[in-house]
Amino acid sequence: MRRIRIAFLSLLFSCGTLLSPLLIHASAAEDLTGKTLKPAIGVKFGVESALGSLLGGTLTGDVTQVVVRRDEPTKIVLAVTYKGFQGGRLWCEVTGSDRKTLRPVKRSPPVTLEDTASEVECTMELDPSAPENTNVRSEYVRVCVAKPEKTTPSYVKAYELSKPWRTGIRPENVVLTVTPKPIGTTQSLGPTPSAPIPPRLILLSAPGGAMPGSSPQLIMRRSVVPAPAPTTGGTASSSQAMTAQPPPGQAAAAPSSGQAVTGSGGSSSINNRVLIRNANLMTPNTAVIMRTDMVVKMLPPSATVAPINQNQFGVPAEDQNRGAKGPAAIAVEPLAELRSEDIVLDASHVLGVYPKFYPDQQPSSGLFYFLPYIYSLRWTEDGGYDMRMIYSATRSEGQAGEVAIAARLDAGLGIRERQIASDLMAAYAKSHGLPFTALRAMPIDSISVSISDDLRRYSIPADKIAITGLSDFLGQIDVSWLADPVTKESLLQALVEDMGISGRVTLFPSGGKLPPIEVPLRIRLADFVTFGPFRWNRAEPWRNQTLYPIRLKYLNALVLDSSSRPIVYSWDLSSTLVPPQGRAQWIAGSVPGWIDSQAKRVWLEYAVDATCANLTTRRPRPR
């Protein structure tokens with residue numbers, strides 16, 4: 001039997017000459033690429049040739065042309081055309097205007113000339129150990145040829161090569177000074193807590209349920225047949241729920257608000273919900289779970305994610321003892337009156353969870369339930385992207401083996417994010433006279449995942465997908481799937497080009513009042529939801545730990561005024577571009593000190609520069 005081949009998705013990035021060799025170049029010089037160099041006529045290198053003939057012996061031949069193949073700030077590649085010199089060794093070295101060798105630039109390695117007439121490449125590079133901000137200039141390049149047993153050239157011919165050789169500041173040493181500039185109403189904030197009202201009202205729910213900004217829409221689906229009654233320890237679905245969908249290219253009908261849905265088959269839209277005929281709960285996909293077990297175990301250990309068969313579904317017993325029955329059908333919106341400055345503000349970045357909270361069917365329990373806003377590929381500073389692959393052995397001769405893939409999807413719901421959501425819900429309940437005990441993750445009876453790309457470049461059927469782990473607050477999901485090698489290559493290509501992989505996670509709420517709910521799924525390498533919001537600390541520089549350049553757009557602070565109305569104040573960060581491992585230090589005099597303690601959340605709004613990346617995969621040898 002062939003051994004199993006293991007491949008880790010090791011993500012390595014470089015940004016052309018920007019970060020290879022981890023240097024930042026301050027300015028661009030004339031690009032010499034493609035230029036034919038002129039012989040240095042009248043410059044007295046002939047003495048060296050005569051001396052070379054004495055020490056190195058005679059060698060017959062000539063260099064007829066030198067062309068620049070590639071020109072970079074710390075490197076140049078020359079194509080040298082010659083005739084004769086058979087058996088000799090050829091190299092190139094640069095000199096200054098004084099015709100002395102430019103020692104910070106390493107000469108090219110000698111090349112043995114096997115043919116009587118041909119072309120060879122000479123590559124010269126600035127010494128990688130050169131200090132930061134090294135700046136030297138060459139004026140000439142000497143093409144040297146020596147006999148095989150000699151180190152002194154017998155032949156030297158010089159060409160004009162006016163080129164600057166520069167290093168910049170290494171990314172890890174880049175420190176950019178950023179001065180946050182208050183926007184609009186934010187300028188009115190004083191040294192003591194105050195809450196001037198920003199001009200813009202953020203509408204979290206648009207007609208049809210679409211959410212403003214770049215975040216995908218949350219879609220809710222309802223089965224015509226009532227959902228099963230809540231049970232403790234329900235069944236987990238590890239495949240896509242079977243639903244009736246309109247034919248491809250045919251949009252679903254959209255009745256007016258309040259119109260009843262009748263008839264059989266198809267689906268209809270009412271407000272922000274899509275009503276469907278079937279939403280069947282399915283049993284765990286044990287076949288895929290068994291065949292992907294090895295790759296799932298390669299995901300980093302997690303203190304919050306438990307194997308799917310260890311999760312307790314349905315309303316927890318301790319909440320049932322308080323009279324809880326599961327979520328009611330009508331939600332409340334603590335951020336319904338959110339106000340901000342007149343900037344592009346993505347509502348999904350404000351709270352981190354979907355902004356509608358569902359009260360329990362038993363109001364006296366004081367329980368409310370939240371949903372994830374979106375699931376994305378998990379990334380950490382220490383471990384990178386949580387995605388692993390295994391190439392399995394073939395089942396029979398001549399057939400391609402399956403590829404098992406596992407990923408950890410994350411909703412960005414850490415302890416801090418859940419506490420902020422709980423504080424907002426508590427403030428809302430107090431201002432509206434509602435009992436409030438706790439904010440919980442939505443209790444579910446089942447869960448399923450579907451992965452398919454918007455452009456239908458590939459499709460992974462439901463029977464090839466399994467959910468293997470779930471955190472108790474729906475913050476993280478471990479999912480695995482099987483693919484053939486061709487589909488695997490399509491997936492990797494989508495990641496390399498940052499087109500990503502889209503899909504949905506379907507949650508089946510407990511209690512029978514809510515329909516199945518679809519939460520968007522998006523796997524991209526360069527995305528805000530992948531890296532999450534970066535926290536801000538005025539006393540510490542922020543370091544870009546990602547593998548992409550990050551453009552800092554705004555500093556935002558979420559506060560509650562005296563009437564518990566949510567407000568976001570913003571400061572402009574001038575779209576400062578911070579390279580990987582670079583740092584931003586703050587001159588934060590315009591940010592009142594009370595923001596640090598009074599704001600529920602202070603975060604950096606940013607954009608990822610996905611154009612500056614080169615993804616490669618590294619596969620260890622078979623073992």
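Computed over heavy atoms, backbone and side chain alike; hydrogens, waters and symmetry mates excluded.
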Participant: Run the salt bridge (charged side-chain N to carboxylate O under 4.0 Å, His left out) test against Asp115 and tell me which residues pass, sequence neighbours left out.
Facilitator: none
Participant: Under the 3.5 angstrom rule, does the side chain of Arg89 hit a backbone N or O of Lys150 as a donor-acceptor pair?
Facilitator: yes
Participant: Could you give the side-chain donor-acceptor pairs of residues 176-183 under 3.5 Å, partners two or more places apart or in another chain?
Facilitator:
residue	atom	partner	partner atom	Å
Thr177	OG1	Gln585	NE2	3.0

Participant: Under a 3.5 Å distance rule, please check whether Glu489 uses its side chain to pair with a backbone N or O of Val486 as donor and acceptor.
Facilitator: no
Participant: Decide, yes or no, whether a salt bridge links Arg103 with Glu93 under the criterion of side-chain N to carboxylate O below 4.0 Å.
Facilitator: no
Participant: Any sub-3.5 Å donor-acceptor pair from Ser108's side-chain atoms to Cys92's backbone N or O?
Facilitator: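 Answer holds: yes.
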Participant: Looking at side-chain heavy atoms only, is the closest gap between Val94 and Leu161 below 4.5 Å?
Facilitator: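 Result yes, sub-4.5 Å side-chain heavy-atom pair found.
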Participant: Rounded at 0.5 Å granularity, tell me how far CG in Leu552 sits from CH2 in Trp542.
Facilitator: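 Rounded to the nearest 0.5 Å, the CG-CH2 separation comes out at 5.0 Å.
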Participant: Under a 3.5 Å cutoff, is there a donor and acceptor pairing between the side chains of Thr576 and Ser574?
Facilitator: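 No donor-acceptor contact under 3.5 Å links the two side chains.
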Participant: Quick one: are Asp62 and Tyr82 in side-chain contact, heavy atoms under 4.5 Å?
Facilitator: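 The answer is no; the side chains never approach within 4.5 Å.
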Participant: Hey, does Val529 have a side-chain heavy atom less than 4.5 Å from the side chain of Arg522?
Facilitator: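 Yes, close enough: below the 4.5 Å cut-off.
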Participant: Go through the steps for Ser376 and Arg524 under the test side chain to side chain contact (heavy atoms under 4.5 Å, CB included), then give the verdict.
Facilitator: CA-CA 7 Å; Ser376 62; Arg524 294 182 63 189; over 6 Å; no
Participant: Determine the minimum heavy-atom distance between Pro300 and Arg408, stating which atoms define it.
Facilitator: O-NH1, 2.8 Å
Participant: With rounding to the nearest 0.5 Å, note down the distance linking OH in Tyr569 to CD1 in Ile595.
Facilitator: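 Result: 7.5 Å between the selected atoms.
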Participant: Measure from the side-chain N and O atoms of Gln86 to the backbone N and O of Glu114, and report whether any donor-acceptor pair falls under 3.5 Å.
Facilitator: yes
Participant: Step by step, work out the side chain to side chain contact (heavy atoms under 4.5 Å, CB included) result for Val143 and Val66.
Facilitator: CA-CA 9 Å; Val143 182; Val66 177; 4.1 Å; yes
Participant: Looking at CH2 of Trp536 and CG of Leu573, how far apart are the two atoms once the value is rounded to the nearest 0.5 Å?
Facilitator: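 The CH2 atom of Trp536 sits 9.5 Å away from the CG atom of Leu573.
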Participant: Could you tell me which non-hydrogen atom of Ser450 sits nearest to which non-hydrogen atom of Ile465, and how far apart they are?
Facilitator: CA-CD1, 4.3 Å
Participant: With the side chain counted from C-beta on, respond yes when Val68 and Leu78 share a heavy-atom pair under 4.5 Å apart, and no when they do not.
Facilitator: yes
Participant: Can a donor-acceptor pair be found, under 3.5 Å and without considering hydrogens, that links the side chain of Arg142 to the backbone of Lys157?
Facilitator: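 Such a contact is absent between Arg142 side chain and Lys157 backbone.
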Participant: Do Trp379 and Thr530 make a side-chain contact, defined as non-hydrogen atoms from C-beta onward lying under 4.5 Å apart?
Facilitator: yes
Participant: For Lys163, give me all partners under salt bridge (charged side-chain N to carboxylate O under 4.0 Å, His left out), at least two apart in sequence or on another chain.
Facilitator: Asp71
Participant: When you look at Ser590 and Trp571, which way does the side chain to side chain contact (heavy atoms under 4.5 Å, CB included) test go after all the steps?
Facilitator: CA-CA 9 Å; Ser590 63; Trp571 292 258; 3.7 Å; yes
Participant: So which pairs with a foot in residues 375-384 pass salt bridge (charged side-chain N to carboxylate O under 4.0 Å, His left out), sequence neighbours left out?
Facilitator: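 Sorted result for residues 375-384: Arg378-Asp386, Arg378-Asp410.
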Participant: Does the Thr167 side chain pair with the main chain of Pro131, one donor and one acceptor, at a distance under 3.5 Å?
Facilitator: yes
Participant: Are any non-hydrogen side-chain atoms of Leu521 and Val449 less than 4.5 angstrom apart?
Facilitator: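 A side-chain contact exists here, since the closest heavy-atom pair is under 4.5 Å.
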Participant: Which heavy-atom pair separates Met298 from Arg388 by the least distance, and what is that distance?
Facilitator: O-NE, 3.7 Å
Participant: Is it true that Lys38 and Glu160 have a side-chain N and a carboxylate O under 4.0 angstrom from each other?
Facilitator: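 Result for this pair is no, no salt bridge flagged.
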Participant: For residues Tyr159 and Tyr140, establish whether the separation of their ring centroids is below 6.0 Å.
Facilitator: no
Participant: Regarding Trp165 and Ser138, do their side chains bring together a donor and an acceptor under 3.5 Å, going by distance alone?
Facilitator: yes
Participant: How long is the gap from CG on Asp478 to OG on Ser480, to the nearest 0.5 Å?
Facilitator: 8.5 Å
Participant: Sequence neighbours excluded, which residues qualify as side chain to side chain contact (heavy atoms under 4.5 Å, CB included) partners of Ser575?
Facilitator: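 Partners of Ser575 by the side chain to side chain contact (heavy atoms under 4.5 Å, CB included) criterion, ordered by chain and then number, come out as Arg551.
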Participant: Check step by step if side chain to side chain contact (heavy atoms under 4.5 Å, CB included) holds for Gln581 and Gln545.
Facilitator: CA-CA 5 Å; Gln581 295 305 311; Gln545 299 283 14; 3.5 Å; yes
Participant: What distance do Ile501 atom CD1 and Leu495 atom CG have between them, rounded to the nearest 0.5 Å?
Facilitator: 4.5 Å
Participant: What pairs with Asp484 under side chain to side chain donor-acceptor pair (under 3.5 Å), at least two apart in sequence or on another chain?
Facilitator: Thr487
Participant: List the residues meeting side chain to side chain contact (heavy atoms under 4.5 Å, CB included) with Arg137, not counting sequence neighbours, and say none if there are none.
Facilitator: Glu139, Ser162, Pro164
Participant: Can you tell me how far apart CD1 (Ile405) and CD1 (Ile390) are? Round to the nearest 0.5 Å.
Facilitator: 11.0 Å
Participant: Taking Thr292 for the side chain and Val288 for the main chain, is one N or O donor matched with an acceptor at less than 3.5 Å?
Facilitator: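 Checked: pair present.
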Participant: Do Val602 and Asp596 have side chains that approach each other closer than 4.5 Å (heavy atoms only, starting at C-beta)?
Facilitator: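 With C-beta onward as the side chain, the pair stays apart.
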Participant: Glu605: which residues meet the side chain to side chain contact (heavy atoms under 4.5 Å, CB included) condition with it, sequence neighbours left out?
Facilitator: His349, Phe528, Tyr554, Asn556, Trp603
Participant: Side chain of Thr186, backbone of Ser570: donor and acceptor closer than 3.5 Å?
Facilitator: yes
Participant: Taking all non-hydrogen atoms of both residues into account, name the closest pair between Asp527 and Tyr606 and its distance.
Facilitator: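 What the structure gives for the nearest pair is O-OH, 4.4 Å.
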Participant: By side chain to side chain donor-acceptor pair (under 3.5 Å), which residues pair with Thr81, not counting sequence neighbours?
Facilitator: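 Counting only residues at least two positions away or on another chain, Thr81 forms no side chain to side chain donor-acceptor pair (under 3.5 Å).
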Participant: Testing the basics here: between Thr123 and Pro109, what is the closest heavy-atom pair and its distance to 0.1 Å?
Facilitator: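 Where Thr123 meets Pro109 most closely, the heavy atoms are O-CD, 4.0 Å.
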Participant: List in chain and number order the residues that pass side chain to side chain contact (heavy atoms under 4.5 Å, CB included) with Lys297, two or more places apart in sequence or in another chain; answer none if no residue qualifies.
Facilitator: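 For Lys297, the residues satisfying side chain to side chain contact (heavy atoms under 4.5 Å, CB included) (neighbours in sequence not counted) are Asp293.
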Participant: Determine whether Leu482 and Glu402 make a side-chain contact, defined as any pair of heavy atoms from C-beta on separated by less than 4.5 Å.
Facilitator: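 A side-chain contact under 4.5 Å exists here.
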Participant: Which atom pair, heavy atoms only, marks the closest approach of Val479 to Thr468?
Facilitator: N-OG1, 4.4 Å
Participant: For Glu540, which residues count as a salt bridge (charged side-chain N to carboxylate O under 4.0 Å, His left out) partner, sequence neighbours excluded?
Facilitator: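 In terms of salt bridge (charged side-chain N to carboxylate O under 4.0 Å, His left out), with neighbours along the sequence ignored, Glu540 is linked to no residue.
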Participant: Would Arg107 and Trp91 count as a cation-pi pair here, with the cationic atom under 6.0 angstrom from the ring centre and within 45° of the axis?
Facilitator: yes
Participant: Looking only at side chains, do Glu125 and Thr74 share a donor and an acceptor under 3.5 Å apart?
Facilitator: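 Side-chain D/A pair, Glu125 to Thr74: absent.
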Participant: Is the backbone of Val350 close enough, under 3.5 Å, to the side chain of Arg601 for a donor and an acceptor to pair up by distance?
Facilitator: yes
Participant: For Arg69, check salt bridge (charged side-chain N to carboxylate O under 4.0 Å, His left out) against everything at least two apart and list the hits.
Facilitator: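 If we apply the salt bridge (charged side-chain N to carboxylate O under 4.0 Å, His left out) test to Arg69, skipping adjacent residues, the hits are Glu119, Glu121.
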